[in-house]
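We're numbering straight along the sequence, starting at 1. When reading the values below, keep in mind they use all heavy atoms of this one structure, side chains included, and skip hydrogens, waters and symmetry mates. Read the numbers this way: they start at 1 and go in the same order the structure lists the ligands and their atoms.
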Amino acid sequence: MIHVEELSVSYGAVKALRNVTFSAPTGRITAVLGSNGAGKTTLLRTISGLVKPSSGTIHCDKTALVGMATEDIARFGLGHVPEGRGVIAEFTIEENLRLGVLASQVSAAEGLERQFELFPVLGERRKQYASTLSGGERQMLAMARALIGRPSFLLLDEPSLGLAPLVTAEMMRTISSLCLSENLTVILVEQNAKSALRIAHDAVVLHLGSVIASGTAESVASDSDLRRYYLGLVQ
Ligand SMILES: Nc1ncnc2c1ncn2[C@@H]1O[C@H](COP(=O)(O)OP(=O)(O)OP(=O)(O)O)[C@@H](O)[C@H]1O
Ligand SMILES: [Mg+2]
């Protein structure tokens, strides 16, 4: 389980997160939803140790993450697919994956082989430059890179961004099956509430840095005020 308690983050005078508290249960997908500037990326970057909170705690099971170095958090077993995917276009698929090997404790052979089993399309094209991949394939590459170290916890920042609806639906199915097969505890950040709520078990809604709702995905999806005012979903 990932448990975030009373987490606050400021960038100078900007309060990006205000006393955020929620839990992401083990082996489940927790969607973190909210519009532009809600604080979603800041939340993931703080969990990964890239941003220091002004107050609050973050635990992965019994391990306290605040104060740990980013690379130690990654080695501990937390994968992070950043906003924009962080794939290096001038590198091949294999070279991008080798970056994931560097941040892990697995051997290159073992790490790459396992990802090519999970994502056969990447194996077939291992020597191809990432610049030649479609948006959906780039997202798979970013996920494969994050999974190389066999993390227990996975943070995904807007995986559907820029993808066509059919590709988004396929991506969501992939996330759902990875969660099951790899027994991952997933935090799925999305502005695309409709797609995320289809696969999420639980959901948290952020607005201007505060949690305004949380609960099962069904309860959030069926709240008409949340749908209309915060999730951009028509009735
Ligand atoms: N490095 C930074 N320096 C200053 N302010 C920042 C920085 N990063 C984010 N912010 C501000 O913090 C707030 C939360 O930003 P954040 O990127 O976490 O939101 P978000 O929910 O991910 O938005 P989006 O859906 O557009 O990606 C915004 O007001 C943003 O302008
Ligand atoms: Mg963001």
Under the criterion side chain to side chain contact (heavy atoms under 4.5 Å, CB included), I'd like the reasoning laid out for Q191 against K40: C-alpha separation, chi angles, the key distance, then a yes or no. CA-CA 9 Å; Q191 271 195 55; K40 305 179 300 295; 3.9 Å; yes

Interatomic distance, CG@L7 vs CG@L43, rounded to 0.5 Å, equals 7.0 Å

Rounded to the nearest 0.5 Å, what's the gap from CZ on R145 to CG on L122? Could you check? 11.5 Å

So, D61 side chain and M1 main chain: donor-acceptor pair closer than 3.5 Å or not? yes

For the pair R150 and E110, evaluate salt bridge (charged side-chain N to carboxylate O under 4.0 Å, His left out) and give the outcome as yes or no after the intermediate values. CA-CA 11 Å; R150 308 289 302 265; E110 184 194 339; 5.4 Å; no

From CD (Q139) to CG (L141), nearest 0.5 Å: 9.5 Å

Between H207 and Y230, how do the two ring planes meet: parallel, tilted or perpendicular, split at 30° and 60°? perpendicular

Around the Mg ion (ligand 2), how many protein N, O or S atoms are there at under 2.8 Å? 2

Ligand-protein N/O pairs under 3.5 Å (ligand 1):
from: ligand 1; atom 1: 18 (O); to: T42; atom 2: N; distance (Å): 2.9
from: ligand 1; atom 1: 18 (O); to: T42; atom 2: OG1; distance (Å): 2.5
from: ligand 1; atom 1: 19 (O); to: G39; atom 2: N; distance (Å): 3.3
from: ligand 1; atom 1: 21 (O); to: A38; atom 2: N; distance (Å): 3.1
from: ligand 1; atom 1: 21 (O); to: G39; atom 2: N; distance (Å): 2.9
from: ligand 1; atom 1: 21 (O); to: K40; atom 2: N; distance (Å): 2.9
from: ligand 1; atom 1: 21 (O); to: K40; atom 2: NZ; distance (Å): 2.8
from: ligand 1; atom 1: 22 (O); to: T41; atom 2: N; distance (Å): 2.9
from: ligand 1; atom 1: 22 (O); to: T41; atom 2: OG1; distance (Å): 2.8
from: ligand 1; atom 1: 23 (O); to: G37; atom 2: N; distance (Å): 2.9
from: ligand 1; atom 1: 25 (O); to: K40; atom 2: NZ; distance (Å): 2.7
from: ligand 1; atom 1: 25 (O); to: E158; atom 2: OE2; distance (Å): 3.3
from: ligand 1; atom 1: 25 (O); to: Q191; atom 2: NE2; distance (Å): 2.9
from: ligand 1; atom 1: 26 (O); to: N36; atom 2: ND2; distance (Å): 2.8
from: ligand 1; atom 1: 27 (O); to: E83; atom 2: OE2; distance (Å): 2.6

Got S8 and N19 here, is their nearest side-chain heavy-atom distance under 4.5 Å? yes

Reported CG-to-CD distance for the pair L231 and E190, which is rounded to 0.5 angstrom: 12.0 Å

